[in-house]
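Note that these values count all heavy atoms, side chains included, but never hydrogens, waters or copies made by symmetry. Predicted model only: the values in this text are computed from it and were never measured.
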Amino acid sequence: MGLAKSLLVKGIKKVRRLFSNKPEDSISYQEPVISYKSNGEPGTKNIKELKHVDFNQSFLGLFGTSLNLIFQNDDNVTVKGLDHSTAVRLKDEFDNKILELLVQSAKTKLISSTELIKQAFTELYKDQYLSYWQMNQWLIKYSELKFLSVLEVDILNKAGAGKESLHCRNAITDPIEWRQKRNDKWVEKELQLKQDLLDTLLPTKLSRKQREAIVRHDNRVLAVAGAGTGKTTTVVGKVAYLLSQKICKPEEILLLSFAKGAVDELQERIEATCGNGVQVQTFHKLGLDVIIDVTGKKPAIYEQDDLINFIQNHLSQMLMGASDNEKILEFLAYYFYPTKLPNEFNTQKEYLKHVSSHDIRTLKGEKVKSYQEAQVANFLFLHGIEYIYEAKYRGADTGNTQKRVYKPDFYLPKNGIYIEHFGVDRNNNTAPWVDRYEYLESMQWKRELHSRNGTTLVQTYSYQASEGNLANALHSQLKKHNVQFMPINQAYLFRLKEIKSRLKSVAKLLGTTLTLFKSDKMTLKDLSEEIYNTNKENNQREKRFLRLFKHVLSAYENHLDIKGEIDFGDMITKAAAYVEDGKFESPYKVIVVDEFQDISRGRAWFLNSLLEQVKDARLLCVGDDWQSIYRFTGSDISLMTNYKEQWSQAVRIDLDKTYRFNDKIKEVSTKFITKNPSQLSKNIICDKKREHPAVYVTQKQVSDIYNEIRDKDSETSVLVLNRYNFGADNVEIDKVGDVDLRNLTVHSAKGKEADYVIVDNLESGKYGFPSEILDDPIINLFLIEKESYPNSEERRLFYVALTRARKEVWLKVNASFPSQFVEELRKDDAYTGLVIDEENSILTDYSCPICDSTVIERRNSKDNSLFFGCIHYPRCTGTIAGCPKCKSAVPIRSGNKFICPSETCDWQAPKCPVCDNGYRETKTGPYGKFKVCSMYSVTGCKGK
């Protein structure tokens, strides 16, 4: 019996609330009115306004039970102190009445909405993929059916609702999850129904994921590929499927890629499979077509290859000029190298690796120990002040069994002045790995030594460099000591090898940043704010670069204006603006982007403007973020790795089956690339299995490696890869037999493959691999997301090199200056059992006793005796002495002693009681013989 036909709550028992002087609450009901008193305030509500009711029993029931009633407009009424059983009975009765009223309302609305529901259901289940846009349009069109979403399923069932109403209710209640499940079922059905079509669509058999990427026809689909997983095949298959199913016409499809060579190949494959009519373009060619369509004329194009030449010529003119000389010379001399200070590194090893990889030198070409020492040296050089780097102190004899010979940083022979550059901040803090107490003690000792012997000491500090005042401080102090300044002749300066090299590097950096800047909506104001509003203290280099960048940009834009030309950046940004302003109408219902990892912000803007112009436009992007290697041309990997932030509705599909390499190459390359946590995670599957490692580290000559490969596989293919063009040009191999041999740079090898790959010239240094030339942190100012992981771009390039091979990869290393990538493969436990390290002179069982870096074999110039030296010499002087008896081996530790590993030598000595690196050796001093640690002269260990 319903509550409306009785007076169940009239005269209910009231429960006095203990320990309270407040008036009692009460509740009664006379259909259709609920009367109540809550906290002494009376009120009434119509039962039709009641949305929800619940109760809350007080602690141990001492204060009765509260009945909570929620009405429309979220009005809440709480009646306290009720008998618990009464509160429960009231809740049940009210719930039944709410249900009764909802069912009555649902029946009324269902009857009036019957035809609308059937129509909505039919549209939901058309035999097609339901796109995000279509789902939104459906929700708008059938917004009258929202009442279904507020009704529980059991209410709809009691009201006599059919399956159409229930499906529509579910779609309205959670459209995202519902659409995903609906489309997943449709895709599975489509794959089964069209299996024969997909089997014969292309000459190449398609994987399960490739088929899914082809039939999943949404507004934004991202196919994340791995090397050799068939990116281009997926693109061609998508077009073939769309045309075969008559989903769209050829002229409604646009295929975009980045390089002309890739577009030509794609065009050829599309025409062979799908016929003519489909547009295949580079972004720049499409941009040019849009500009021509809007303006009615074809603009003259300034070729990209001319940009670097223009910049380099302009910088040379600046250097030789008078008014603008300072802008370029200041940058070349003081801010050429990325300004990471010692205190930004956790270990000395990290710091030395940074210094060595940038091959920090003075303008005269000298190797120095730090970036700031190079600044001091360059100041002296540019002002015509003769100096000697690390000359022996002449004021007094130094060096004994306790201290090494004192060598100040710089000595000015004409003036008798010494310069010490101290690595401390304003609070006298040192780098993390430097013992602050010992360093400050050393500083004081040097000051006192000069004072005691009457020699002049000029002191500079690390904080002066980070604040941009080092040159001014030097100038001021040297002037006080009457040092004559004679600025160096500009013509002579221009002839310097180091200056020419730096001009070339800076021109490339400016070319990259100009391309990024002009291919985007960025303004000079944006760039200035990025630099000057940052909290980073050490940004002097960025500020100096901005001065130079503004000057070159102005000259370049003026050059284009005079010539009446536009460049490649203009082709993108002008076209995007025309489309966005509605001056160009896009005819493309489907856009497919190949090599999506190479997208830039400007291209993304252009692409998005085309998509937003067409209702329900569909997009498929296929790319591999692990192979993003064109940052210097403007590509921004974060547009792919953060695709969900760009397009929240995007569907991701992983092309996970590689048809190229074996499982051993897969393991090495995957472990290497995923050291960078910013790369998208993916699981590559490969059918080719191999028992033994497929990656070799060797010092053999390329020709010897080639002969070895040819001897075991006479009908095969070999790719010899180099980081730079000049390396590829210098490879000379006498081709024999049926071996397909090609020499390429790693960049040009993208998309290529061979049975065997030889990576040549794997070394450290300016032109090494990894290279630091194009991975300049200044580029981050022009990108959405800053790449913080070391050598991010170079790691991806090395991944490309590794994954060109089907069978084996041979890494030719320079033993004297080994690549840090090779060091990682050889020393990191993650690669144990995956890399074969052929016998060479790079030592993995020893580390530098000073900085813990790799050591290599060296020979003493006096007696040809063997010892191990740090790869960062002369910046690090760490050595491990050879056997003092046979001089042909280096002692190894065995228990509590060191022994010579040579089979013909019986030398041995006790281990140093203090350190693990040295042994006790006998020395003769003024008081006779004594024993001391063999590492004393290296690390200062005083173990006796």
ask   = Should K827 and T854 be marked as a side-chain hydrogen bond (donor to acceptor under 3.5 Å, both in side chains) after you check the CA-CA gap, both sets of side-chain angles, and the distance that decides it?
value = CA-CA 10 Å; K827 301 180 81 171; T854 297; 3.2 Å; yes
message = Contact between S819 and E763 at the side-chain level, heavy atoms closer than 4.5 Å - yes or no?
response = no
task = Decide side-chain hydrogen bond (donor to acceptor under 3.5 Å, both in side chains) for Y724 and S771; before the verdict, give the C-alpha distance in whole Å, the side-chain angles of both, and the deciding distance to 0.1 Å.
result = CA-CA 10 Å; Y724 290 99; S771 165; 2.4 Å; yes
query = Does the pair D526 and T523 meet the rule for a side-chain hydrogen bond (donor to acceptor under 3.5 Å, both in side chains), with working shown?
reply = CA-CA 5 Å; D526 296 332; T523 65; 3.0 Å; yes
ask   = Going by distance alone, is a donor N or O of one side chain under 3.5 Å from an acceptor N or O of the other, for S462 and Q372?
value = yes
key: From CA spacing to verdict: side-chain contact (heavy atoms from CB on, under 4.5 Å), I328, L503   = CA-CA 9 Å; I328 181 61; L503 277 175; 4.2 Å; yes
key: K675 NZ: over 12 foreign heavy atoms closer than 6.0 Å   = yes
note = d(L548 CG, E326 CD) to nearest 0.5 Å is 11.5 Å
query = Taking the six-membered ring for Trp, are H475 and F485 parallel (under 30°), tilted (30 to 60°) or perpendicular (over 60°)?
reply = parallel
message = Using every non-hydrogen atom in the two residues, find where I880 and S847 come nearest and quote the distance to one decimal.
response = CD1-O, 3.6 Å
task = Could you label the plane-to-plane angle of the H383 and F379 rings as parallel, tilted or perpendicular, counting under 30° as parallel and over 60° as perpendicular?
result = tilted
query = Ignoring hydrogens and geometry, is there a side-chain-to-backbone donor-acceptor pair from E448 to W445 under 3.5 Å?
reply = no
query = Do R394 and N453 have side-chain N/O donor and acceptor atoms under 3.5 Å apart?
reply = no
request  = Output all residues satisfying ring-ring contact (aromatic ring centres under 6.0 Å, His included) with Y439, sequence neighbours left out; order by chain, then residue number.
outcome  = none
request  = Measure from the side-chain N and O atoms of S505 to the backbone N and O of S501, and report whether any donor-acceptor pair falls under 3.5 Å.
outcome  = yes
request  = To the nearest 0.5 angstrom, please state how far the OG1 atom of T513 sits from the NZ atom of K518.
outcome  = 12.5 Å
inquiry  = So does T515 get a backbone contact from the side chain of S519, meaning a donor-acceptor N/O pair under 3.5 Å?
reply    = yes
inquiry  = Evaluate E366 against E373 for side-chain contact (heavy atoms from CB on, under 4.5 Å), listing each step before the verdict.
reply    = CA-CA 11 Å; E366 305 159 303; E373 283 188 348; over 6 Å; no
request  = Would you check if the side chain of K543 reaches a backbone N or O of R547 as a donor-acceptor pair within less than 3.5 Å?
outcome  = no
note = With Y556 as partner, the option from F549, F517, F310 fulfilling ring pair (Phe, Tyr, Trp, His ring centres under 6.0 Å) is F310
ask   = Does any non-hydrogen side-chain atom of D397 lie less than 4.5 Å from one of V405?
value = no
request  = Return the set of residues passing side chain to side chain donor-acceptor pair (under 3.5 Å) with D852 (not counting sequence neighbours), or none when no residue passes.
outcome  = none
Check: I419 main-chain N/O paired with Q459 side-chain donor or acceptor under 3.5 Å = no
query = Got a donor-acceptor contact below 3.5 angstrom from the N415 side chain to the I417 backbone?
reply = no
inquiry  = Within this structure, what is the CG-OG1 distance for the pair L382 and T362, rounded to the nearest 0.5 Å?
reply    = 10.0 Å
inquiry  = Does either side chain, that of Q679 or that of D625, offer a donor lying less than 3.5 Å from an acceptor on the other one?
reply    = yes
ask   = At their closest point, which heavy atom of P849 faces which heavy atom of N917, and how far apart are they?
value = CB-ND2, 3.9 Å
query = Quick one: does NZ or CZ of K364 land under 6.0 Å from the six-membered ring centre of Y387, within 45 degrees of the ring axis?
reply = yes
task = Look only at the side chain of R631 and the backbone of E793, and say whether a donor-acceptor pair between them is shorter than 3.5 Å.
result = no
query = Is there side-chain contact between I360 and R875, with at least one heavy-atom pair below 4.5 Å?
reply = yes
query = Under 4.0 Å between a Lys/Arg side-chain N and an Asp/Glu carboxylate O for E823 and R826?
reply = no
task = Check whether the ring centres of F410 and H421 lie less than 6.0 Å apart, and answer yes or no.
result = no
task = Report yes if the side chains of F672 and L825 come closer than 4.5 Å at any heavy-atom pair, otherwise no.
result = yes
key: Donor on one side chain, acceptor on other, Y418 and E420, under 3.5 Å   = no
ask   = Between D409 and K369, is a salt bridge (Lys or Arg N to Asp or Glu O under 4.0 Å) present by the stated rule, with each step listed?
value = CA-CA 10 Å; D409 293 332; K369 292 180 179 177; over 6 Å; no
request  = Could you check Y393 against H450 for ring-ring contact (aromatic ring centres under 6.0 Å, His included), going step by step and ending with a plain yes or no?
outcome  = CA-CA 10 Å; Y393 179 62; H450 285 279; 5.0 Å; yes
key: Minimum side-chain heavy-atom gap I311-H314 below 4.5 Å   = no
remark   = Here the gap from L478 atom CG to L380 atom CG, rounded to the nearest 0.5 Å, amounts to 6.5 Å
Chi angles and distances behind the salt bridge (Lys or Arg N to Asp or Glu O under 4.0 Å) call for E330, R544 = CA-CA 8 Å; E330 179 187 45; R544 278 10 183 244; 3.2 Å; yes
task = Would you confirm whether R495, through its side chain, and K500, through its main-chain N or O, come within 3.5 Å as a donor-acceptor pair?
result = no
request  = Using modelled atom types only, decide if a donor and an acceptor are shared between the side chain of R723 and the backbone of F769 within a distance under 3.5 Å.
outcome  = no
inquiry  = More than 12 heavy atoms of other residues, nucleotides or ligands under 6.0 Å from NZ of K367: yes or no?
reply    = yes
key: Gap between atom CG of N472 and atom CD of Q477 - 0.5 Å precision   = 11.5 Å
task = Spell out, as yes or no, whether a donor-acceptor pair under 3.5 Å connects the side chain of Y334 to the backbone of A471.
result = no
ask   = Can you check whether C941 reaches C912 side chain to side chain, under 4.5 Å on heavy atoms?
value = yes
inquiry  = Ignoring hydrogens and geometry beyond distance, is a side-chain donor-acceptor pair present between D636 and S638 at under 3.5 Å?
reply    = yes
key: Test side-chain hydrogen bond (donor to acceptor under 3.5 Å, both in side chains) applied to R796 and N791, step by step   = CA-CA 9 Å; R796 293 190 291 268; N791 294 308; over 6 Å; no
query = Given side chains that start at C-beta, do those of Y873 and R858 come closer than 4.5 Å, heavy atoms only?
reply = yes
query = Quick check, are the ring centers of F545 and Y335 under 6.0 angstrom apart?
reply = no
request  = Evaluate the criterion side-chain contact (heavy atoms from CB on, under 4.5 Å) for residue pair L412 and E386; output intermediate values, then yes/no.
outcome  = CA-CA 6 Å; L412 311 187; E386 183 183 346; over 6 Å; no
ask   = So with a 6.0 Å cut-off around NZ of K407, is the heavy-atom count from everything else above 12?
value = no
Short N-O contact, R795 and E824, less than 4.0 angstrom = yes
ask   = Within a strict 4.5 Å, meaning less than it, do heavy atoms of the T460 and F422 side chains meet?
value = no
ask   = Roughly how far, to the nearest 0.5 Å, is CD1 of I499 from CD1 of I488?
value = 8.5 Å
